[in-house]
Amino acid sequence: SWLRVFKVPVHDLATMVGIAFRFVPILTDEARDLLDAQSMRGADFTQGSLIRKARALGPLAITVFASAFRRAEELSLAMDSRLYGETSGKLNPLRYRREDAASYICIFCFLAVMILLRIGGI
C-alpha cells in the first residue's frame, strides 16, 4: 500500500507478476518437450564446450520465446475482450433518441405493408 503514495499501479503490477508466475511451468514444459523432440531427432546437447552447447540451445530458446509471445498476445486479446481494467463509467450508455423512434416506425410500417401484400395475394 505504500507504493500508492508514489502512484504505482499496485493492482496492475500484482496481476502482471501473477500471470508471469503462471506461465513459468507452461514454458518449462514446452522447453522440455522441444528438447526431448530434438534429442530424438539426433541433436546432442550434452557434448562439446559451453559455447557449443549454448549454440545448440539457441534455436530452442527462439522457439520457446516465440511461443511465449504468442501466448501473451492471446492472453492480451482475451483480457481486452473482457474489458479488463475498464470501469463502467467509461462506457457510453445507450440513449433512446428520435432517430430510434423513426426507425421503429419505418420498420413497423414496412412490416405492415408486407403482411397486407401477403394477405392480399399480390
Side-chain angles (χ1 to χ4, degrees):
S1 65
W2 60 273
L3 289 173
R4 291 184 186 174
V5 174
F6 300 109
K7 300 194 185 225
V8 175
V10 178
H11 180 69
D12 293 339
L13 188 64
T15 302
M16 287 189 297
V17 170
I19 290 171
F21 281 139
R22 182 175 175 220
F23 277 118
V24 168
I26 294 170
L27 294 177
T28 55
D29 287 343
E30 189 167 337
R32 188 178 313 117
D33 291 343
L34 283 170
L35 191 63
D36 290 343
Q38 291 296 326
S39 296
M40 287 181 186
R41 291 184 181 125
D44 190 15
F45 300 107
T46 59
Q47 303 221 348
S49 66
L50 184 62
I51 294 173
R52 184 175 177 161
K53 290 177 188 177
R55 282 186 186 159
L57 290 175
L60 294 177
I62 291 171
T63 306
V64 170
F65 279 123
S67 174
F69 288 132
R70 181 181 44 81
R71 288 179 190 268
E73 178 70 22
E74 290 172 359
L75 180 64
S76 71
L77 289 174
M79 290 173 75
D80 283 343
S81 68
R82 290 175 178 88
L83 296 176
Y84 177 79
E86 297 290 327
T87 59
S88 61
K90 291 183 180 178
L91 298 177
N92 295 328
L94 296 177
R95 291 196 168 85
Y96 191 76
R97 295 185 292 180
R98 277 187 244 155
E99 294 86 6
D100 299 321
S103 298
Y104 285 137
I105 291 170
C106 289
I107 290 171
F108 288 131
C109 289
F110 179 75
L111 184 62
V113 168
M114 297 310 278
I115 290 173
L116 290 174
L117 288 175
R118 181 74 176 165
I119 292 172
I122 297 176

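Worth saying up front: this structure is predicted, and the values here are computed from it rather than measured.
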Distance (rounded to the nearest 0.5 Å) between Leu116 CG and Leu111 CG: 9.5 Å
Which atom pairs, one a donor and one an acceptor, fall under 3.5 Å between side chains of residues 8-20 and the rest of the protein, sequence neighbours left out?
| residue | atom | partner | partner atom | Å |
| --- | --- | --- | --- | --- |
| His11 | NE2 | Tyr84 | OH | 3.4 |
| Thr15 | OG1 | His11 | O | 2.9 |
| Thr15 | OG1 | Tyr84 | OH | 2.9 |

Under 4.5 Å side-chain linkage, directly or through intermediates, the cluster mates of Val24: none
Nearest-0.5 Å distance that lies between atom CG in Leu77 and atom CZ in Arg82: 10.5 Å
Give the table of side-chain donor-acceptor pairs shorter than 3.5 Å for residues 60-72, with sequence neighbours excluded, one pair per line with atom names and distance.
| residue | atom | partner | partner atom | Å |
| --- | --- | --- | --- | --- |
| Thr63 | OG1 | Pro59 | O | 2.9 |
| Ser67 | OG | Glu30 | OE1 | 2.9 |
| Ser67 | OG | Glu30 | OE2 | 2.6 |
| Ser67 | OG | Arg70 | NH2 | 3.4 |
| Arg71 | NH2 | Glu30 | OE1 | 3.3 |

From CD1 (Ile115) to CZ (Phe110), nearest 0.5 Å: 10.5 Å
Inter-residue atom distance Leu35.CG - Thr28.OG1, 0.5 Å rounding: 12.0 Å
Any residue meeting side chain to side chain contact (heavy atoms under 4.5 Å, CB included) with Ile107, in chain and number order, not counting sequence neighbours: none
Ile105: partners by side chain to side chain contact (heavy atoms under 4.5 Å, CB included), with sequence neighbours left out: Cys109
Pairing residues for Ser49 by the side chain to side chain contact (heavy atoms under 4.5 Å, CB included) criterion, not counting sequence neighbours: Ile51, Arg52
Partner set under salt bridge (charged side-chain N to carboxylate O under 4.0 Å, His left out) for Asp36, not counting sequence neighbours: none
Any pair counted as side chain to side chain donor-acceptor pair (under 3.5 Å), so long as it reaches residues 93-112, sequence neighbours left out: none
